[in-house]
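Below: one structure, written as structure tokens.
It should be emphasised that the depicted structure is a prediction, and the values quoted were computed from it without experimental measurement. Numbers restart at 1 for each chain; the letters A, B, ... are given by sequence-line order, proteins then strands.
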2 protein chains.
Amino acid sequence: METKAPPPLASGPCRCQQRIRRTLDLIANKWAVPVILELSRAKGPLRFTALARAIAGITQKELTKQLRELEGAGLVTRHVYAVVPPKVEYALTPLGASLKPVLDALAGWASDHGDRIAANEAAFSGVPT
Amino acid sequence: METKAPPPLASGPCRCQQRIRRTLDLIANKWAVPVILELSRAKGPLRFTALARAIAGITQKELTKQLRELEGAGLVTRHVYAVVPPKVEYALTPLGASLKPVLDALAGWASDHGDRIAANEAAFSGVPT
DNA sequence: CGGAATCCCTTACGATACTG
DNA sequence: CAGTATCGTAAGGGATTCCG
């Protein structure tokens, strides 16, 4: 029974959710944030290996894939030097850099409530009965 | 899936990245944002089916899983009524509600740059060579 | 009504090895 | 140095069915 008049939601609550999800898909890729933050910290181009070394635990495969995706989204530039020892440098585009405030907002919230969430999850899992 | 394998994320020189990733893992689950936003819009408890109907495309399985996770994180409350036709209501906790500004920041960024990103991706994919 | 259980497919991720 | 290729595993996610 429709107790309340159903809002004229065409095929969902609102379209903006899709947008958020789209953005989320970009940065939810496990290594996307570390890559972006690392490039952001560098304040300049970084070589592939430098990036790989800065981000502990990442594999070449994942780093490559991540960089491709970010490049495709226009958040990162890829500069290939035609030299004998191959040299490729990556850097954030202004668009990519513009994501930093958002990540900061996220980081801020995480800092504020991360402990509580962790505690909640621990309690939720360890609840006896 | 009892004990969550603690990922030895030692990525990067700063710990804040872990926090962000943790938060990201919470909201990156494809349906987390729609669920949170829907509960946020409702400004009150919603029944399982009401939630399911409000979020087009979601399955019971996914909705249940998502609600469990959000409940575990303490972002959502689950109230079970012991009545003949089962009745369960979900609502945002203050903690869950506090996530809204962050989602708004994300939504704002997505609104501002979503088109450009989509265009970039299209061009990146469709580029012949 | 709410949700747990099952089946099955697709994607994500990690490790190793090989090449321009 | 900077990838690409291949393999195997794990997790995500949709559809259906059954049960309190």
Ionic contact status for R19(A) with D115(B), cut-off 4.0 Å = yes
Under 3.5 Å donor-acceptor pairs involving side-chain atoms of residues 99-108 of chain A, not counting sequence neighbours:
| unit_1 | atom_1 | unit_2 | atom_2 | d |
| --- | --- | --- | --- | --- |
| K100(A) | NZ | D104(A) | OD2 | 3.3 |

Would you say R78(B) has more than 12 foreign heavy atoms packed within less than 6.0 Å of its CZ?
-> yes
Does R68(A) have a side-chain nitrogen or oxygen under 4.0 Å from the phosphate oxygens OP1 or OP2 of dT4(D)?
-> yes
Would you say a side-chain N or O of Y90(B) is under 4.0 Å from OP1 or OP2 of dC1(C)?
-> no
Sugar-phosphate means primed atoms, P, OP1 and OP2; the rest is base. With that split, encode nucleotides 14-20 of chain D 5' to 3' as B, S or - using protein heavy atoms under 4.0 Å.
-> BB----B
Would you mind reading off the distance between K65(A) atom NZ and dT6(D) atom P, rounded to a whole angstrom?
-> 16 Å
Could you check how far CG of L63(B) sits from C1' of dC1(C), rounded to whole Å?
-> 13 Å
Taking atom P of dA2(D) as reference, at what distance in whole Å does atom CD of E71(A) sit?
-> 15 Å
K87(A) NZ to dG3(D) P: how many Å, rounded?
-> 14 Å
Aromatic rings H79(B) and Y81(B): how do their planes relate, parallel, tilted or perpendicular, breaks at 30° and 60°?
-> parallel
Under 4.0 angstrom between R78(B) side-chain N/O and dG3(C) OP1 or OP2 = yes
Please state how far atom CD in E89(B) lies from atom P in dG3(C), giving the value in whole angstrom units.
-> 12 Å
Whole-Å distance, L67(A) CG to dC1(D) P, equals 17 Å
Got a sec: does the CZ of R53(A) have more than 12 other heavy atoms crowding it under 6.0 Å?
-> no
Determine yes or no for a side-chain-to-main-chain donor-acceptor pair under 3.5 angstrom, with W109(B) supplying the side chain and S98(A) the backbone.
-> yes
